[in-house]
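Working notes for the structure below.
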Amino acid sequence: MRKHYDFSGSIKNPYTKKLKHQISIRVDNDILDYFKQLSTDADIPYQKLMNLFLRECTEKKKRPAINWVPSKQIHA
């Protein structure tokens, strides 16, 4: 191993923005079963399928259709 390495001509890794982060989330069993069945039909891993779906949601700026009740109304 060298005592000194010269990185002055190096370039930044262009793939660092595409790295994936491992997380732990809780998903209802029926949701997981649905994506596992779709993944079997599509012949791709269900985690990749879920990521593709979430990417589509992100690109199309989809938001969940949830009507939240502000907490001030609950306690009023």
Side-chain angles (χ1 to χ4, degrees):
M1 202 154 116
R2 298 181 189 175
K3 289 185 178 184
H4 176 67
Y5 290 89
D6 181 14
F7 294 106
S8 62
S10 64
I11 60 171
K12 189 174 181 179
N13 184 343
Y15 300 104
T16 55
K17 291 184 179 179
K18 295 185 178 189
L19 293 176
K20 296 184 188 267
H21 295 274
Q22 182 175 346
I23 63 168
S24 175
I25 68 170
R26 298 188 186 283
V27 180
D28 294 335
N29 286 333
D30 57 332
I31 302 295
L32 187 57
D33 291 341
Y34 175 75
F35 276 96
K36 283 185 175 182
Q37 181 59 50
L38 286 178
S39 74
T40 301
D41 297 343
D43 197 30
I44 60 173
Y46 73 92
Q47 296 97 329
K48 183 169 183 143
L49 186 63
M50 292 174 89
N51 191 62
L52 289 169
F53 179 76
L54 292 171
R55 177 169 304 286
E56 181 181 332
C57 291
T58 302
E59 289 171 353
K60 293 183 178 181
K61 307 279 191 230
K62 290 185 179 180
R63 297 181 142 235
I66 300 174
N67 293 322
W68 295 100
V69 177
S71 60
K72 291 179 182 177
Q73 290 182 2
I74 294 173
H75 299 293

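Computed from heavy atoms alone, side chains included, the values below leave out hydrogens, waters and symmetry copies. Quick note: residue numbers are just sequence positions, from 1.
Clustering ILVMFWY residues whenever any of their side-chain heavy atoms sit less than 4.5 angstrom apart, transitively, puts I25 in the very cluster that holds Y46. No single ILVMFWY cluster, assembled from side-chain heavy atoms under 4.5 Å apart, contains both I66 and L54. Residues M1 and F7 are members of one and the same hydrophobic cluster, defined by side-chain heavy-atom contacts under 4.5 angstrom among Ile, Leu, Val, Met, Phe, Trp and Tyr. The hydrophobic clustering, which links ILVMFWY residues whose side-chain heavy atoms are closer than 4.5 Å, places I23 and M50 together.
Annotation: side-chain contact (heavy atoms from CB on, under 4.5 Å) contacts of D6 (sequence neighbours excluded): S8. Partners of I31 by side-chain contact (heavy atoms from CB on, under 4.5 Å), not counting sequence neighbours, listed by chain and number: V27, D28, F35.
The salt bridge (Lys or Arg N to Asp or Glu O under 4.0 Å) pairs that include a residue from residues 48-62 are E56-K60, E56-K62, where partners are two or more places apart or lie in different chains.
Atom NZ of K18 is separated from atom CG of N13 by 11.0 Å, given to the nearest 0.5 angstrom.
When all heavy atoms are compared, the tightest approach of S39 to P45 is CB-C, 3.9 Å.
No option in T40, L38, D41 other than L38 meets the side chain to side chain contact (heavy atoms under 4.5 Å, CB included) test with L49.
Using modelled atom types and a 3.5 Å distance limit, the side chains of N51 and Q47 yield no donor-acceptor pair.
Residue Y15 qualifies as open at atom OH: its count of foreign heavy atoms under 6.0 Å is 12 or below.
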